[in-house]
Protein chains: 2
Amino acid sequence: MEYISLEKKVDNYDIEVIIEKYKNGEIKNNDTVKVKGYIHRIRKMSGFAFVILRTSRRLIQSVFTDGESKGSLDNYEEEDTVILTGTIVNDERSKMGFELRVIEIEKLSGPIETLPIVINKKQVDCNIDVLLDNRIITMRNPYERAIFKLVDGILFAFRDFLRKEGFTEFIPPKIVQAGAEGGADMFQIEYFDKLAYLNQSPQMYKQIMVGVFNKVFTTSPVFRAEKHGTRRHINEFEGLDLEMGFIDSFEDIMVLEARMMKYLVDVLNKDYALELEEINLKLPEVKDIPMIKFAEVKDLIAKEYNRPYRDKFDLEPEEEKLIGKYFNEKYNSQFVFVTHYPEKKRPFYAKEDPKDSNYTLSFDLLLNGAEITTGGQRINDYNEQVAKMQRRGMDITQFEDYLTMHKYGMPPHGGLGIGLERLSMKLLQLENIRMTTAFPRDMERLRP
Amino acid sequence: MEYISLEKKVDNYDIEVIIEKYKNGEIKNNDTVKVKGYIHRIRKMSGFAFVILRTSRRLIQSVFTDGESKGSLDNYEEEDTVILTGTIVNDERSKMGFELRVIEIEKLSGPIETLPIVINKKQVDCNIDVLLDNRIITMRNPYERAIFKLVDGILFAFRDFLRKEGFTEFIPPKIVQAGAEGGADMFQIEYFDKLAYLNQSPQMYKQIMVGVFNKVFTTSPVFRAEKHGTRRHINEFEGLDLEMGFIDSFEDIMVLEARMMKYLVDVLNKDYALELEEINLKLPEVKDIPMIKFAEVKDLIAKEYNRPYRDKFDLEPEEEKLIGKYFNEKYNSQFVFVTHYPEKKRPFYAKEDPKDSNYTLSFDLLLNGAEITTGGQRINDYNEQVAKMQRRGMDITQFEDYLTMHKYGMPPHGGLGIGLERLSMKLLQLENIRMTTAFPRDMERLRP
């Protein structure tokens with residue numbers, strides 16, 4: 001009988017492994033190594049050429065010398081995949097600490113036609129529609145893919161932080177019979193002989209799971225059939241959701257989030273420095289985060305910038321920007337918590353402020369003048385929830401599952417929701433949310 | 001200005017934190033602690049009572065003594081959420097090392113009616129339909145929730161292993177224009193004025209991402225509109241998918257998976273021992289994994305068990321079971337890799353065996369007689385892929401996005417897909433896949 005051995009490790013010629021070994025002395029100057037990758041660019045000089053190899057996180061410079069290196073570069077072109085055998089040559093100018101002198105290049109595969117768009121410049125030079133239409137290859141551009149690597153880092157940091165805090169991950173359903181927030185703006189599905197919907201929020205499910213594991217989170221897709229095609233909306237996004245029980249106050253959720261943001265920025269600075277350098281970005285510093293009440297900040301901004309507001313119950317986009325500016329300038333903070341949003345604008349499950357029922361025990365976190373999180377304390381008492389639904393004229397028979405958890409006892413609890421793409425857009429200072437997602441879905445876009 | 005301080009830590013009376021502190025001496029015999037939780041059960045004795053508190057991972061025994069403990073238990077019932085103040089009393093019989101003597105119980109909330117189903121026995125005593133209809137409360141049962149905690153562990157271990165191996169996570173779209181495998185068995189959506197589908201596999205997307213990051217993975221929902229209601233099928237499940245480039249052979253994928261399975265079992269044994277004990281399960285030992293060719297194992301099983309097979313091109317469920325039995329008995333292995341599946345039964349992107357094009361460079365991993373993984377090497381050459389599509393009579397204009405990546409150069413690559421629920425079912429030895437998922441979706445079930 002043949003076996004797959006647990007001892008066997010596959011060497012797929014990973015430059016990151018080689019760099020590690022170089023750092024701890026296992027690989028030295030003049031050693032021969034094999035590196036896999038794409039040929040990103042060839043720069044021919046007189047008698048030699050620079051071959052720039054693209055590996056999963058780097059561009060590696062190697063030198064092909066006519067007569068010394070084996071064969072000829074005539075048979076190679078950009079986007080060939082190759083295994084390059086080379087000699088390590090110490091070089092302090094290189095980030096890796098060394099350069100490679102080519103001994104031999106083995107071609108594994110190559111493009112069958114020239115790329116329709118140049119991807120081996122610093123950035124892809126085209127408008128966003130062309131960028132997205134050609135996503136399959138434009139993502140190979142080092143600037144573009146650095147964004148996705150950073151998004152990977154944000155996703156990792158969110159989960160890692162919460163696991164360390166004792167949270168349990170759960171999986172909410174995506175196909176549902178009715179909507180979490182009442183049913184507007186949902187995509188309809190033919191589900192065998194029934195009608196169903198794509199879930200627009202895991203809200204009900206995360207509250208249910210508080211009754212099971214107390215502290216829970218999920219990272220899962222949510223769907224919104226909203227008909228606006230702005231730069232900050234897409235119709236399918238990744239929700240980062242958490243919920244926790246036995247809170248003393250909704251401030252507990254803000255305390256958790258402040259520490260989470262700090263953790264996230266620390267992770268990116270530490271483990272994703274290559275990508276931050278690639279997109280030339282300095283992340284915001286996370287310090288203690290100012291918090292201010294909704295009603296208070298509206299008056300403050302109106303007064304400070306001599307700009308009367310029209311919407312009493314919500315922050316206008318222009319107001320959000322001014323809040324960002326104000327707290328940046330006066331308090332040197334890119335983050336602000338705005339608390340106690342009006343009852344009118346918050347969902348039916350938001351807990352009202354016992355001191356003033358026109359407001360809720362809720363908050364948004366703003367980063368540089370845009371909302372990146374919505375959170376708050378939820379109603380946990382059955383009678384209070386039913387009464388609020390009735391005040392709003394809701395049909396409680398439509399919320400049987402929702403009310404079942406309250407019926408059988410729920411601790412005081414609250415949580416928050418973050419759109420991964422919105423957070424990424426603001427954190428990475430991108431102009432269009434579509435840049436943060438490999439395969440965005442909007443009113444016009446279903447491909448690739 | 002008020003601030004949310006990064007220094008503030010919220011104490012929400014977590015028993016796991018208290019146990020940690022007890023172990024390292026910060027909390028000692030006779031100290032007073034506060035613990036949050038649900039009242040799971042009250043057992044009244046003469047002059048005292050046992051109050052069993054349910055926390056996120058445990059049942060904690062505390063003793064309420066009439067006259068000594070404050071108040072009376074008459075005001076408490078099962079599923080009340082409480083904060084229990086108690087005295088630590090060393091007790092070697094307890095898993096925690098101590099018991100609690102109740103000083104006071106503060107009630108936070110409670111059920112408004114008696115539970116329709118008993119959840120505070122060892123297991124919930126009802127059939128699976130009743131169990132699932134009442135999921136919101138049956139999940140609170142310690143046996144039930146142990147399963148979901150273990151699924152959380154599997155999900156964690158999958159991602160953690162791959163990150164340590166240098167893989168990058170990506171997010172595939174869930175709404176797509178066409179199907180990955182050709183379009184059968186997909187759910188249809190009304191997507192604004194277009195028709196769209198729910199993705200049945202991230203196959204195309206993970207291959208595209210190999211061209212970007214080389215080693216990639218995703219954990220994301222996939223949807224299958226299959227009309228069978230068996231114990232091992234659901235219509236929405238969580239796909240654990242990975243793909244890697246620059247492989248030398250499809251065996252590289254099996255080597256990776258064998259090590260991943262070992263890692264997974266190690267993680268569960270180490271960090272999820274409480275839950276394994278709760279469901280009384282010993283996980284399989286992962287050693288070197290036997291591998292055998294499809295054609296060979298079919299003949300072997302037919303001969304060994306004197307059972308001629310009917311289906312030449314696939315494993316029959318009965319055959320899979322016998323393979324499980326055979327390798328368990330003869331080779332003491334609960335895992336088996338079956339390799340080189342017939343070309344006829346594998347998808348259009350499967351790479352054919354250069355030695356015999358009737359077979360593919362593919363594998364399934366079987367655990368105790370059932371398939372838990374499908375994987376293999378993919379075609380990476382454009383012309384080879386087009387030729388194969390044409391041989392199969394496929395319309396290549398329908399696969400423009402798929403072929404675009406091949407057109408511009410793809411390294412040799414392969415990968416695998418695991419259904420989280422199927423893996424969990426087999427690993428945890430459950431009889432119905434619905435038991436592994438909090439909110440299963442099948443032909444009959446869209447709630448809760």
Side-chain angles (χ1 to χ4, degrees), chain A residues 1-6 8 10 12 36 56 79 81 108-112 115 136-137 139-140 145 152 168-169 171 173-175 177 187-190 192 196 208 212-214 221 236 238 246 252 254-255 258 262 288-291 380 382 401 404-405 407-409 411 439 441 443 446-448, chain B residues 1-6 8 10 12 36 56 79 81 108-112 115 136-137 139-140 145 152 168-169 171 173-175 177 187-190 192 196 208 212-214 221 236 238 246 252 254-255 258 262 288-291 380 382 401 404-405 407-409 411 439 441 443 446-448:
Chain A
M1 186 56 52
E2 282 188 273
Y3 285 87
I4 292 292
S5 162
L6 289 174
K8 195 173 169 188
V10 172
N12 68 345
K36 65 180 179 199
S56 62
E79 295 308 295
T81 73
L108 299 172
S109 71
I112 61 153
L115 273 62
I136 295 170
I137 55 164
M139 271 197 294
R140 297 181 183 179
R145 72 175 183 178
D152 155 275
T168 299
E169 184 170 355
I171 301 173
K174 269 58 69 175
I175 299 175
Q177 194 179 48
F187 290 112
Q188 219 173 66
I189 322 168
E190 277 180 46
F192 301 109
I208 290 172
V212 181
F213 291 119
N214 183 29
E236 173 186 312
E238 194 75 0
F246 296 93
D252 290 1
M254 289 190 275
V255 169
K262 167 106 174 84
D288 292 354
I289 300 179
M291 71 170 163
N380 69 309
Y382 177 83
D401 287 335
T404 295
M405 66 173 145
K407 204 177 262 179
Y408 301 113
F439 308 102
R441 292 296 178 253
M443 285 179 68
L446 271 171
R447 282 177 58 192
Chain B
M1 187 56 53
E2 282 188 276
Y3 286 88
I4 292 293
S5 162
L6 289 174
K8 193 172 170 190
V10 172
N12 67 346
K36 66 180 179 199
S56 62
E79 296 308 294
T81 73
L108 299 171
S109 70
I112 60 152
L115 273 63
I136 295 170
I137 56 164
M139 272 197 294
R140 296 181 183 179
R145 73 176 184 178
D152 155 274
T168 300
E169 184 169 355
I171 301 174
K174 269 58 68 175
I175 299 174
Q177 194 178 48
F187 290 111
Q188 221 173 66
I189 323 168
E190 277 181 45
F192 301 110
I208 290 171
V212 181
F213 290 118
N214 184 30
E236 173 185 312
E238 194 75 0
F246 295 93
D252 291 1
M254 289 189 275
V255 169
K262 168 105 173 86
D288 292 354
I289 300 179
M291 71 171 163
N380 68 310
Y382 178 82
D401 287 334
T404 295
M405 66 173 145
K407 203 178 262 178
Y408 300 113
F439 308 101
R441 291 297 178 251
M443 285 179 66
L446 271 170
R447 280 177 59 190

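Note that the structure is predicted; figures quoted are calculated from it, not measured. Letters A, B, ... are given to chains in the order of the sequence lines, protein chains preceding strands, and every chain is numbered from 1.
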Heavy-atom distances under 4.5 Å only: say whether [X] touches chain B with side chain, backbone, both or neither.
X: A:E79; result: both
X: A:K262; result: side chain
X: A:L115; result: both
X: A:N380; result: side chain
X: A:I208; result: side chain

Between chain A and each of B:A258, B:G110, B:S5, count heavy-atom pairs under 4.5 Å; write down the option with the most.
-> B:S5
Who wins among B:L108, B:T404, B:D252, B:I137 for the most heavy-atom pairs under 4.5 Å with chain A?
-> B:D252
B:S109: side chain to side chain donor-acceptor pair (under 3.5 Å) partners, not counting sequence neighbours = B:T81
Side-chain touch B:Q188/A:I189, heavy atoms, less than 4.5 angstrom = no
Under a 4.5 Å cut-off applied to non-hydrogen side-chain atoms, are B:K8 and B:Y3 in contact?
-> no
Just by distance, do the side chain of A:R447 and the backbone of B:D401 share a donor-acceptor pair under 3.5 Å?
-> no
So, B:R140 side chain and A:V212 main chain: donor-acceptor pair closer than 3.5 Å or not?
-> no
In terms of heavy-atom contacts, does CD of A:E2 have more than 12 from other residues, nucleotides or ligands at under 6.0 Å?
-> no
By a 4.5 Å heavy-atom criterion (distance strictly below it), what part of B:E236 contacts chain A: side chain, backbone, both, or neither?
-> side chain
Hey, would you say the A:Y408 and A:Y382 ring centroids sit under 6.0 Å apart?
-> no
Under 4.5 Å, counting heavy-atom pairs only, tell me which of A:P411, A:P221, A:A196, A:S56 racks up the most with chain B.
-> A:P411
